[in-house]
Protein chains: 2
Amino acid sequence: MSGAPPTQTAQGTKGPRTWQGVRAEVLRRIRARDWPPGTMIPNEADLARELGCARATVNRALRDLAEAGVLDRRRRAGTRVAATPVRRAVLQIPVIRDEIAAQGRDHGYRLLSRALAAPPAATAAALALPEGAQALHVRALHFADAQPFVLEDRWIAPEAAPGVLDADLARISANEWLVRHAPFASGTLSFGAVTADAGLAGLLDCAPGTALLRLDRTTSDGARMVTAAALTYHAGYRLRTTI
Amino acid sequence: MSGAPPTQTAQGTKGPRTWQGVRAEVLRRIRARDWPPGTMIPNEADLARELGCARATVNRALRDLAEAGVLDRRRRAGTRVAATPVRRAVLQIPVIRDEIAAQGRDHGYRLLSRALAAPPAATAAALALPEGAQALHVRALHFADAQPFVLEDRWIAPEAAPGVLDADLARISANEWLVRHAPFASGTLSFGAVTADAGLAGLLDCAPGTALLRLDRTTSDGARMVTAAALTYHAGYRLRTTI
DNA sequence: AATGCGAATATGTATAGACATAACGACTAT
DNA sequence: ATAGTCGTTATGTCTATACATATTCGCATT
């Protein structure tokens with residue numbers, strides 16, 4: 001339910017004086033419609049008194065539920081059950097090699113092309129590059145047990161990733177190099193579907209016209225844009241998560 | 001950076017004695033490669049002493065970074081910078097009506113079919129229905145400003161959603177009815193791409209063969225499976241998030 | 001060497017108390 | 001009426017302290 005699976009335990013297994021217990025009790029009341037959507041719930045101090053625990057414990061529980069989108073909290077205004085429950089699902093975005101290894105399959109990798117070039121306008125804008133500036137363009141294919149898994153098409157701003165021009169991207173994927181050398185960047189992510197043209201179909205070993213999942217990602221190190229990548233997955237690939 | 005946008009503030013704007021300040025400082029050291037991936041970082045007590053704050057404050061900051069996938073924490077073993085950074089992206093899954101309204105467009109809705117029937121084997125399994133049991137099958141189309149937005153194809157287990165058989169699903173979408181009457185359920189979510197066949201193309205107003213994003217969702221109220229839904233979005237739809 | 005056990009240790013969590021901060025609402029001055 | 005002020009209130013956060021719990025490590029025993 002929360003955005004933090006690591007702290008998640010089976011609901012109700014914890015005593016009521018733990019924050020997980022308080023969370024379970026509040027969630028129970030919401031699901032039992034004691035507190036229907038839109039309702040104001042008692043304030044932290046009252047709940048703490050009622051449940052026989054400290055206010056900080058109630059705060060921890062309610063904060064967790066608010067992060068999950070179950071509650072709306074505002075200072076002074078109090079806490080209410082979300083009327084329009086925008087649920088939050090946490091996607092795990094692993095390094096491609098790790099994702100494949102986690103399935104118990106062998107990761108293979110082939111660099112298709114590597115060149116300095118002026119990116120298309122949309123990419124240049126995404127990387128905040130000046131007019132006519134060049135960037136490193138890398139195309140590579142990742143394999144799982146010799147089957148094509150995902151096509152990586154990436155532009156990298158060289159000044160924002162010092163050393164990348166000297167990296168041996170035939171041996172280590174740009175995905176992995178960046179993770180090691182510019183870790184923990186922030187950015188945007190978007191999903192869509194694309195139709196395989198002849199080129200894509202050949203690379204990903206599917207029929208032309210097949211629908212493929214595509215993930216576009218931009219990455220910034222907090223100050224500068226580092227890279228913009230398009231990942232096109234093999235036919236049938238599904239991205240899974242729990243809510 | 002973290003999985004909890006609500007608690008997010010501009011990094012570095014908070015003083016160093018707040019948990020956000022501690023988080024910013026730790027993140028700075030990681031990005032500056034003072035603490036490269038895999039490194040053990042000082043324990044909470046030492047960090048608290050160094051930064052001049054209480055251990056609880058450091059704990060709050062490090063817990064947040066662990067939830068974001070930046071740190072790995074284990075009791076007794078200590079805290080280390082994640083070697084293989086599995087980043088967590090938070091997807092916001094709004095009610096369809098709200099998603100369209102948030103774009104400033106008008107939400108339209110048309111019920112295509114509604115019938116009690118025995119679901120296909122895969123769906124029956126997903127809903128944990130006994131052999132041959134019937135479920136409510138609803139197909140409906142959502143519009144944004146009269147343009148087809150998403151096709152909702154849903155099976156609902158009637159015993160798990162009391163009252164649904166009497167609901168006027170021509171007026172209120174099953175999506176919304178469920179949100180109101182069985183709120184805050186948990187479940188699974190998966191994304192994929194599908195090719196528009198003639199039927200889909202007609203409904204979603206695109207050419208046959210177009211690649212479409214599809215979201216499959218199962219929902220449980222904690223005890224029983226309530227519904228399994230497939231949402232097929234219009235051509236060009238993109239699901240966006242930040243990381 | 002392998003095994004089992006207990007001590008040490010880092011994180012996880014609960015608590016009481018305090019102050020910070022945002023925002024609602026009433027009251028006041030224009 | 002309207003705008004500004006200020007007290008009240010609920011959440012947000014920090015602190016110090018204590019105890020819980022999971023692991024790891026070293027030591028002793030087999």
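We name chains A, B, ... by the order of the sequence lines, and we start the count at 1 in each one. Below, each value reflects all heavy atoms present in this structure, side chains not excepted, and no hydrogens, waters or symmetry copies.
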Legend entry - Nearest-Å distance for atom pair CE/P, residues A:Met40 and C:dC24: 11 Å
Legend entry - Phosphate OP1/OP2 of D:dG12 contacted by A:Asn59 side-chain N/O (<4.0 Å): yes
Inset, instruction - Please determine if a side-chain N or O atom of A:Thr57 lies less than 4.0 Å away from the OP1 or OP2 oxygen of C:dT15. - result: yes
Legend entry - Short side-chain donor-acceptor distance under 3.5 Å, B:Thr219 and B:Thr227: no
Inset, instruction - Return the value, rounded to whole Å, for the distance between atom CZ of B:Arg63 and atom P of C:dA14. - result: 10 Å
Legend entry - Non-hydrogen atoms of B:Met225 and B:Leu127 that approach each other most closely: CB-O, 3.5 Å
Legend entry - Phosphate OP1/OP2 of C:dA10: any B:Thr79 side-chain N/O under 4.0 Å: no
Legend entry - Neighbour count >12 (heavy atoms, 6.0 Å) for atom CZ, B:Arg105: yes
Inset, instruction - Indicate whether OP1 or OP2 belonging to C:dC24 is found under 4.0 Å from a side-chain N or O atom of A:Arg74. - result: yes
Legend entry - Phosphate OP1/OP2 of D:dT13 contacted by B:Gln20 side-chain N/O (<4.0 Å): yes
Legend entry - Contact under 4.0 Å: B:Arg60 side-chain N or O vs D:dC14 OP1/OP2: no
Inset, instruction - Starting from the 5' end of DNA chain C, give me the residue, B:Pro42 or A:Ala56, whose nearest nucleotide shows up first. - result: B:Pro42
Inset, instruction - Report the nucleotide, chosen from C:dT15, D:dT13, C:dA10, that has the shortest atom-to-atom distance to any side-chain atom of B:Asn43. - result: C:dA10
Inset, instruction - Grab the CG-P distance between B:Leu62 and C:dT11 for me, whole Å please. - result: 8 Å
Inset, instruction - Round to the nearest Å and state the distance from B:Arg73 atom CZ to D:dT23 atom P. - result: 14 Å
Inset, instruction - Nearest whole angstrom, please: distance from the P of D:dA10 to the CG of A:Leu71. - result: 17 Å
Inset, instruction - Please lay out, stage by stage, how A:Leu231 and A:Asp216 fare under the test side-chain contact (heavy atoms from CB on, under 4.5 Å). - result: CA-CA 6 Å; A:Leu231 301 180; A:Asp216 283 275; over 6 Å; no
Legend entry - A:Arg76 side-chain N/O to C:dT21 phosphate OP1/OP2 under 4.0 Å: no
Legend entry - Interatomic distance, A:Leu51 CG vs C:dT15 C1' [rounded to whole Å]: 15 Å
Inset, instruction - Check whether any side-chain nitrogen or oxygen of A:Arg75 sits under 4.0 Å from OP1 or OP2 of D:dT13, and answer yes or no. - result: no
Legend entry - Between P of D:dT24 and CZ of B:Arg80, the distance in whole Å: 11 Å
Inset, instruction - Could you check how far CG of B:Asp46 sits from C1' of C:dT11, rounded to whole Å? - result: 13 Å
Legend entry - Distance-only side-chain donor-acceptor flag, A:His142 / A:Glu152, under 3.5 Å: yes
Inset, instruction - Examine C:dT11: is either OP1 or OP2 under 4.0 Å from a nitrogen or oxygen in the side chain of B:Arg55? Give yes or no. - result: no
